[in-house]
Asker: 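Can you read through this structure? Questions will come right after.
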2 protein chains.
Amino acid sequence: MVFQAKVELEKAANVLKLLGDKTRLTIVAILQKRECCVCEFLEVFDTSQPSISQHLRKLKDAGLVKEERRGQWIYYSLNQQCEFYGLVETIMSHVPEQIDKIKIIEQSNPTVRCGC
Amino acid sequence: MVFQAKVELEKAANVLKLLGDKTRLTIVAILQKRECCVCEFLEVFDTSQPSISQHLRKLKDAGLVKEERRGQWIYYSLNQQCEFYGLVETIMSHVPEQIDKIKIIEQSNPTVRCGC
DNA sequence: CTACTATATAAGTAAATAGTTATATGTTAA
DNA sequence: TTAACATATAACTATTTACTTATATAGTAG
């Protein structure tokens, strides 16, 4: 097998616990394909805005995700500089792409008004 | 990238949640190197016997681990036939080997009396 | 059969988690 | 400056989780 950079076991467990939630795992799967803001996630999850914000907060606190404000919106994306990015990537290679959800986001296009 | 068999997202989340516990992740790391019975795990975890049995139960219920009784002892090992085995393997490739704990188990050798 | 060992299960508890509603903050646009 | 929108945060609640102790089950050895 190819050499594999290791991550401390306890840290790895924390990352796995974070990804061990259906909503967060889906968020990460979507972020692999495109950055998103909260209102876009709202289109594809059957939950409230605070709930999504709280999930994103956890992912951000762990360093897995970063945010960037653009006007009214805050865009979330995967943090490729994160020490766990390699682990996350290999995990996600076992998870189906969230094509349907991404299509819904792109069609609903809630941020169309900002023109970006 | 090499073709990667996918696992339903919700099932993957369940597996990740299971591995997202420090004790269970360590158990799986140890089981990658050798089968173990509960009393062996007891040597390396700072917790009670029921606690370990309960973790093993969860791993077994998910199909990740199988058990085999040999006399008084029940030996646990990774279930390579499990549909999630590939996922587990790749995850574990990012986790350090539990050499120290395995050494402790082999030196204490609580099942020495059975001669196996 | 009895004592002993290994393990499982049951029942209870404290802490963590994911959701809720209400409200605060920050940005834009009229 | 006010209204509207996007998001975060606070406070609360219900559920889940991981542990504990006590007890049951199963095998072995005398």
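Quick note on labels: first sequence line is chain A, next is B, and so on, each numbered from 1.
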Asker: For A/Gln49 and C/dA22, what is the distance between atoms CD and P respectively, to the nearest whole Å?
Answerer: 14 Å
Asker: In whole Å, I'd like the distance from the CG atom of B/Leu18 to the C1' atom of D/dA18.
Answerer: 13 Å
Asker: From OH of A/Tyr75 over to C1' of D/dT7, roughly how many Å is that when rounded to an integer?
Answerer: 13 Å
Asker: Confirm from the modelled atom types if B/Gln54 and D/dT20 form a donor-acceptor pair under 3.5 Å, side chain to base only.
Answerer: yes
Asker: Strictly below 4.0 Å: does B/Thr47 bring a side-chain N or O up to OP1 or OP2 of D/dT20?
Answerer: yes
Asker: Would you say A/Ser48 places a side-chain N or O within less than 4.0 Å of OP1 or OP2 belonging to C/dT20?
Answerer: yes
Asker: Rounded to the nearest angstrom, tell me the gap between atom OH in B/Tyr76 and atom P in C/dT7.
Answerer: 8 Å
Asker: Taking only Lys NZ, Arg NE, NH1 and NH2, and the carboxylate oxygens of Asp or Glu, determine whether B/Arg70 and B/Glu35 approach each other closer than 4.0 Å.
Answerer: yes
Asker: If you draw a 6.0 Å radius around CG in B/Asp46, do more than 12 non-hydrogen atoms from other residues or ligands fall strictly inside?
Answerer: no
Asker: Without decimals, in angstroms, what is the distance between A/Asp46 CG and C/dA18 C1'?
Answerer: 14 Å
Asker: Between A/Glu68 and A/Tyr75, does any side-chain donor sit less than 3.5 Å from a side-chain acceptor?
Answerer: no
Asker: Taking any heavy-atom pair under 4.0 Å as a contact, classify B/Lys17: base, sugar-phosphate, or nothing.
Answerer: sugar-phosphate
Asker: So A/Lys60, base contact, sugar-phosphate only, or nothing? Heavy-atom distance under 4.0 Å.
Answerer: nothing
Asker: In terms of the nearest nucleotide of DNA chain C, which residue is placed more toward the 5' end: A/His55 or B/Arg69?
Answerer: B/Arg69
Asker: Establish, with yes or no, whether the OP1 or OP2 oxygen of C/dA18 is under 4.0 angstrom from a side-chain nitrogen or oxygen of A/Arg24.
Answerer: yes
Asker: Rounded off to whole Å, could you give me the CD-to-C1' distance for the A/Glu68 and D/dA8 pair?
Answerer: 18 Å
Asker: Round to a whole Å and report the spacing from NZ of B/Lys22 to C1' of C/dA16.
Answerer: 17 Å
Asker: Is the distance from OP1 or OP2 of C/dA18 to the nearest side-chain N or O of A/Ser51 less than 4.0 Å?
Answerer: no
Asker: Between D/dT16 atom P and B/Asp21 atom CG, what is the distance in whole Å?
Answerer: 18 Å
Asker: Testing A/Leu78, A/Leu59, A/Leu64 for side-chain contact (heavy atoms from CB on, under 4.5 Å) with A/Leu31, which one passes?
Answerer: A/Leu78
Asker: Looking at A/Thr23 and A/Phe45, what are the two nearest heavy atoms and their distance?
Answerer: O-CZ, 3.7 Å
Asker: Identify, between A/Arg57 and A/Gln72, the residue whose nearest nucleotide on DNA chain D lies closer to the 5' end.
Answerer: A/Gln72
Asker: Have a look at B/Lys58 and say if it touches a base, only the backbone sugar-phosphate, or nothing, with a 4.0 Å heavy-atom cut-off.
Answerer: sugar-phosphate
